[in-house]
Every structure is written in C-alpha cells, then in structure tokens.
Trainee: 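Take this structure, written in structure tokens, and hold onto it; I'll ask about it next.
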Amino acid sequence: MQLQVARIGKPHGIRGEVTVQVLTDAPAERFVAGTEFVVEPASAGPLTVRSARWNKDILLLGFEEIADRNAAEAIRGAKLYIETEELDDEDDDEGWYEHELVGLEARVGSQVVGKVAALTTLPVQDLLTITTDEGKEILVPFVDEIVPEVNIEDGYILITPPAGLFELNDDSSDDANDAAGDDA
C-alpha cells in the first residue's frame, strides 16, 4: 500500500525546483537526497530527490529527473507516494494517516452519526470530515478532547462534540430562514 506524502506545486526558479504541499509529519525524514517517490500520474515518475530546502515555510524540492523550469511545470499537481512497508509501527500514538481513518464509523456514545470521509492536515490542528447518513459533511477538530478514541480494529472513532458542533454546518436552519424571508 502507498501513502501520499506530498503534492507538487508551482516551479521555483529556473533549475527545476518545485514547491510542495507537505502531507507528512516527518518531512526531514521523507525528503532527503536519494529518496525515490512513486508518482501519480505514473507518467511523471518515479522521481528521485536531488535537493530539499526550506524557503520560509515552503519546502522546495529538486529532482534528478527534472532539469529546468519547463520540466518542473509539467509535473505540477503530481502526487508523491512512499511504500507503507517503509513506515515504522512504533509511533502509533503519534498520529494517524488518512488511509487508516477514512471509512471508520463516527460515534457519539453508542450512536453512529456518520463515517470519516477525509483527514485534512493543517498547521495548528487537523480536521476530520464526517459524512452523515443524510449526506451532510461535518468538520470535526481532530484533537483528544473531541476525538478521545480511535479504534482501527473495531472500525470506529468516538466523538465527544461540544454543543452545536453537528448543527454548525447544518444549513437546514438557513433554508427555513430563507423561506420565511421569501414570503415577506
């Protein structure tokens, strides 16, 4: 199984470097010279890291196979993957990967309220996207206070939502207000 660790952004300079959206919590370990990535689309890869450096908060990568800005532009939007067999299992408490969470039942107590649809990694905290049975998407901060339990083996996460969390993204109350406004 493969795990996405980055998405290639725009070219930087004329020597083939690109910006990347980092999707791993260990960029210093993942983006070192000589590392080879599986690429989607496959026609853009594989790619081997030639250089990795930070420019402020943006990671810039150079690849052995990409020599100039034109070649860098051609791989814009490509996704970089590693084989999950390379991952250590010793840091299970450190965090979760999206492929481990997507599809798990989301429960409040014993009640199933939906399924995990996505994990969005952000600088301050991550967000889980929960899709309810009605098809609504609810964004849930992925912090211990709100998601105290992740049980991969039994296929669920436990959510202890603050008051109003599931109503926050519910637009049915807006529809009722709009309908009342149309009658006036």
Side-chain angles (χ1 to χ4, degrees), residues 1-10 18-27 30-31 37-42 44 57-59 75-85 87-89 91-184:
M1 179 175 242
Q2 296 174 346
L3 176 68
Q4 184 180 357
V5 293
R7 186 182 62 77
I8 296 176
K10 63 184 180 180
V18 294
T19 62
V20 294
Q21 175 188 12
V22 177
L23 302 173
T24 178
D25 55 357
R30 301 276 183 241
F31 305 108
F37 292 104
V38 175
V39 182
E40 182 184 296
D57 293 335
I58 299 171
L59 180 62
I75 62 169
R76 188 175 191 163
K79 298 174 182 176
L80 301 179
Y81 293 88
I82 60 167
E83 293 294 328
T84 57
E85 289 81 34
L87 298 176
D88 294 331
D89 288 335
D91 63 351
D92 283 344
D93 293 336
E94 300 274 329
W96 302 97
Y97 293 103
E98 183 174 30
H99 73 274
E100 295 174 304
L101 299 169
V102 170
L104 296 180
E105 285 183 346
R107 298 179 184 171
V108 174
S110 60
Q111 178 186 0
V112 176
V113 294
K115 288 197 178 280
V116 177
L119 169 67
T120 304
T121 305
L122 300 170
V124 176
Q125 71 185 23
D126 298 340
L127 288 175
L128 290 174
T129 302
I130 307 296
T131 303
T132 66
D133 293 337
E134 296 82 33
K136 296 177 185 171
E137 288 189 346
I138 308 296
L139 299 177
V140 176
F142 194 23
V143 295
D144 290 339
E145 294 79 21
I146 298 175
V147 185
E149 183 179 353
V150 176
N151 191 324
I152 302 291
E153 294 78 27
D154 292 335
Y156 71 90
I157 63 167
L158 184 63
I159 302 173
T160 56
L165 179 66
F166 279 84
E167 290 78 27
L168 193 60
N169 294 329
D170 186 354
D171 56 5
S172 62
S173 60
D174 292 342
D175 293 343
N177 291 339
D178 290 345
D182 291 342
D183 293 340

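Since the model is a prediction, treat every value here as computed from it, not as a measurement.
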Trainee: Are side-chain heavy atoms of V140 and L127 found at a separation under 4.5 Å?
Mentor: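 No. Closest side-chain heavy atoms not under 4.5 Å.
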Trainee: State, with a plain yes or no, whether a side-chain heavy atom of I146 is found less than 4.5 Å away from one of I159.
Mentor: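 Side chain of I146 against side chain of I159, heavy atoms only: contact under 4.5 Å found.
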Trainee: Do T132 and V113 have side chains that get closer than 4.5 Å, going by heavy atoms?
Mentor: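 Side chain of T132 against side chain of V113, heavy atoms only: no contact under 4.5 Å found.
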Trainee: Quick one: salt bridge (charged side-chain N to carboxylate O under 4.0 Å, His left out) partners of K115, sequence neighbours excluded?
Mentor: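 Not a single residue meets the salt bridge (charged side-chain N to carboxylate O under 4.0 Å, His left out) criterion with K115.
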Trainee: What pair of heavy atoms forms the shortest contact from V22 to P27, and how long is it?
Mentor: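 Of all heavy-atom pairs spanning V22 and P27, the closest is CG1-CB, 4.0 Å.
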Trainee: Show the nearest heavy-atom pair for residues V39 and A44, with the distance to one decimal.
Mentor: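 Smallest heavy-atom distance, with atoms named: CG1-CB, 3.7 Å.
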Trainee: What I'd like to find out is whether the side chain of F142 reaches to under 4.5 Å of the side chain of I157, using heavy atoms alone.
Mentor: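 No - every pair of side-chain heavy atoms lies 4.5 Å or more apart.
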Trainee: Closest approach of E137 and T131, non-hydrogen atoms and distance?
Mentor: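 The pair with the smallest heavy-atom distance is CG-OG1, 4.1 Å.
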Trainee: Name all pairs fulfilling the salt bridge (Lys or Arg N to Asp or Glu O under 4.0 Å) condition that reach into residues 105-114, sequence neighbours left out, sorted by first residue then second.
Mentor: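 Listed by first then second residue: E105-R107.
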Trainee: Looking at CG of L128 and CD1 of I138, how far apart are the two atoms once the value is rounded to the nearest 0.5 Å?
Mentor: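 Rounded to the nearest 0.5 Å, the CG-CD1 separation comes to 12.5 Å.
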Trainee: Of all residues at least two apart in sequence or in a different chain, which pass the side-chain contact (heavy atoms from CB on, under 4.5 Å) check with D154?
Mentor: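 Per chain and number, D154 pairs via side-chain contact (heavy atoms from CB on, under 4.5 Å) with N151, Y156.
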Trainee: Roughly how far apart are E98 CD and L23 CG, rounded to 0.5 Å?
Mentor: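 Atom-to-atom, E98:CD and L23:CG are 8.5 Å apart.
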